[in-house]
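Bear in mind that the values here come from a model prediction, so they are computed numbers and not experimental data. Values below: all heavy atoms of this structure, side chains included; hydrogens, waters and symmetry mates excluded.
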Protein chains: 2
Amino acid sequence: MNKPLTAIDNCSSCPIRHRAVCARCDDDELVELNGIKFYKSYSAGQTIAMRGDALDVVASVVSGTATLERAIEDGRTQLVGLLLPSDFIGRPGRATLQYDVTAVTDVTLCCFYRKPFEALLVRIPHVQERMLEMALDELDAARDWMLLLGRKTAREKIASFLMLIAKRTVHPDGRVLGNTSRIELPISREAMANFLGLTIETVSRQFTGLRKDGVIELDGNRSVIVPDLETLLLESGDDSDGGPLI
Amino acid sequence: MNKPLTAIDNCSSCPIRHRAVCARCDDDELVELNGIKFYKSYSAGQTIAMRGDALDVVASVVSGTATLERAIEDGRTQLVGLLLPSDFIGRPGRATLQYDVTAVTDVTLCCFYRKPFEALLVRIPHVQERMLEMALDELDAARDWMLLLGRKTAREKIASFLMLIAKRTVHPDGRVLGNTSRIELPISREAMANFLGLTIETVSRQFTGLRKDGVIELDGNRSVIVPDLETLLLESGDDSDGGPLI
DNA sequence: CGACCTATTGATACGTATCAACCCGAGTGG
DNA sequence: CCACTCGGGTTGATACGTATCAATAGGTCG
C-alpha cells in the first residue's frame, strides 16, 4: 500500500515535502536534513512508542496513520492526536515521551535522532519557524477538539469528526463543500470512540442515526458517502463563519 | 491589586521576565523588546478581544487572569485556555483571532504590534525558541485537558482542576505535594463549568461532595483549603507516575 | 432594606454508558 | 468445501451520571 522506500529516499520527491517540518527549507537545507534522516516503517496495529519511553528519535509521518493517546490505569483511553502524513512526532527539548503512539495503518516515518535535530533547529531557522507554525496549528486544532469534547452531543461529535477527516483528506487546493464526497475513515470505531470521548456503541448508534436521516451513507466499515457536505456541516454544530482552517 | 505600571516599565524588574516569551533573551535583546512594547490594562469582566477581531496586537499576561473561550451559537461555551501571568495571547502569522479573550480579574498585558513582533521573531531566535517551547507546553496541557474532558468524571474533573491551579500557583522552585495548601481560585463557578465541560450546578455539587468527604474545605467562594494534596491527587484520576509537568 | 448576583440544593429528565446478544466477513483447519 | 472461531461492528434493554428546571441561600451594593 505504501510507496516503497526507494521511491522517496530523496527529499525532493517526498510526498510531504511541502507540508512537513521541512516545508520552508531551501535546497541546501534539504541536503543537510537529507544527510541525517532515516526511514522506519511499522505495520498496522504496531506500537511505535509508549508513554515514558526515552525520546531519542523525532519523526514526521510520511505515509499512513498513527494515533497519539493518553490512558488512565482503569483502561479509560483518550486519543489526543491523529497523526496523518506530514504530522510530527516527538518534541525537541524533552527527554521522555508523554503519550502512547500507535500505528493504525502501515506507517512510514522519516526519523531524526533528537539531539542532532535540536542542533539543526538552531542552525536552520526555517525548520524552527515551520515547527512553531505547526505547533500553533495543532494547538488550534486541540482547542477546537476541547470544544467538541466538552460541549458537543454524540451526533455532533460524529459529524464534526467526519468533517475533520474530509478537510484533511481533500486536495489542499481543492474546494471541500457543496458536493458529494466519499470519506475514507482512517481509524476503527473503537479509535473513533476514544477520539470523541464516547463508547463504541454510541459511535455505532450515531452512524446508524445519521444514515437513517439521510445525512450519510455507509459503504463497509471504513467508508462514508456524504451526499451533501453542507448538511453534515450543519449537524456538526460548528459555526459557518469559522474562517478557513487550512 | 496590580502593581502600578511604573513599577514594571523596565523589563529587568518585570515579574514575568523569566517565564514569558522573553525568558531567554539577553540584555541587548531585552532592550530591543523594551523599545517596542507597551502596556495595556483591563478591568475584571472586560472583554479583551473577540473571535474574528483583527489580530493587530500580541501580548503577554503580566498580571491577572484572562480566559480564552470558544462558543457555539446556542450559547454553549467551552473555555479553551486559562491565561495566567507569563502566558501569551495571539499568534504570529495569523490575521484574525480565533477565540474570545476576557479579563476575569484586573489584567495587565505587555503588548507588541504583531507585524514588528513577527519581524523580531526572525531577528531574535531566542524569542522564537521560547515561543516554540511555550507552544509545545500549551499543546501538552491541551492534550491533558482533552483526556479530562473526554474521559473523566465530574468529581475527577474538579479535583484535576484544583491540582492544576495548585501547580501553577506554587513557587516554581517550591515543592507542591505532601502538605496542607490553600488554593485561590482565579475564576468563578461558571467559568470552571465552562472549563470542565460541566454545568455550574454540577460543579457546585462536586465541591460539596469533596467537602463532605473531607478532601477539601471551602473558605468563601474563591478559596479552597486542601488538607492533603496527595488525597486530592488520587481523586483527580491522574497517574502518579506522570512525570513533572513544570 | 431591597435588589441583584453568585452559589447551593432539590426534583426530575435525558443522553450516554453499561451489559448482553447477535451479526458478519475473514481466516483457519479438518 | 464447510464448520469453527475470532475480531469488529450493530442492536437492544437497562442503569447511571449529569443536565435541566426550579427554588433557596448568602453576600454585596445602592
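No contact: B:G209 has no heavy atom under 4.0 Å from any strand. Note on B:S204: a base of the nucleic acid sits closer than 4.0 angstrom, heavy atoms only.
Between A:P186 and A:I165, some side-chain heavy-atom pair lies under the 4.5 Å cut-off.
In this structure, B:D219 atom CG and D:dG26 atom P are separated by 16 Å, rounded to whole Å. In this structure, A:L210 atom CG and D:dT11 atom P are separated by 13 Å, rounded to whole Å. In this entry the distance linking CD1 of A:I200 with P of C:dA17 reads 12 Å, nearest Å. Rounded to a whole Å, the CG atom of A:L198 is 16 Å from the C1' atom of D:dC16. If you take CZ of A:R222 and C1' of C:dC24, they are 16 Å apart, rounded to a whole angstrom. C:dC24 atom P lies 15 Å from atom CG of A:L218, rounded to whole Å. With rounding to whole Å, B:N221 atom CG is found 9 Å from C:dT8 atom C1'. Between the P atom of D:dT18 and the CZ atom of B:R189 lies a distance of 17 Å, rounded to the nearest Å.
Projected onto DNA chain C by closest heavy-atom contact, A:V203 and B:F207 fall at different nucleotides, the more 5' of which corresponds to B:F207. Checking A:K152 against A:E201, the closest nucleotide of DNA chain C that is more toward the 5' end is the one next to A:K152.
Within the 4.0 Å cut-off from OP1 or OP2 of C:dT9, at least one side-chain nitrogen or oxygen of B:T208 is found. Put simply, B:T202 has a side-chain N or O that comes within less than 4.0 Å of OP1 or OP2 on D:dA19.
A side-chain donor from one of B:S41 and B:T108 sits under 3.5 Å from a side-chain acceptor of the other.
Looking only at distances, a side-chain donor or acceptor of B:D100 sits under 3.5 Å from a matching main-chain atom of B:R51. Using a distance-only test at 3.5 Å, with no hydrogens or angles considered, a donor-acceptor pair links the side chain of A:S236 to the main chain of A:D238.
The base of C:dG10 sits with one of its N or O atoms less than 3.5 Å from a complementary donor or acceptor on the side chain of B:R205.
No salt bridge links A:E217 with A:R182; every basic N to acidic carboxylate O contact stays at or beyond 4.0 Å.
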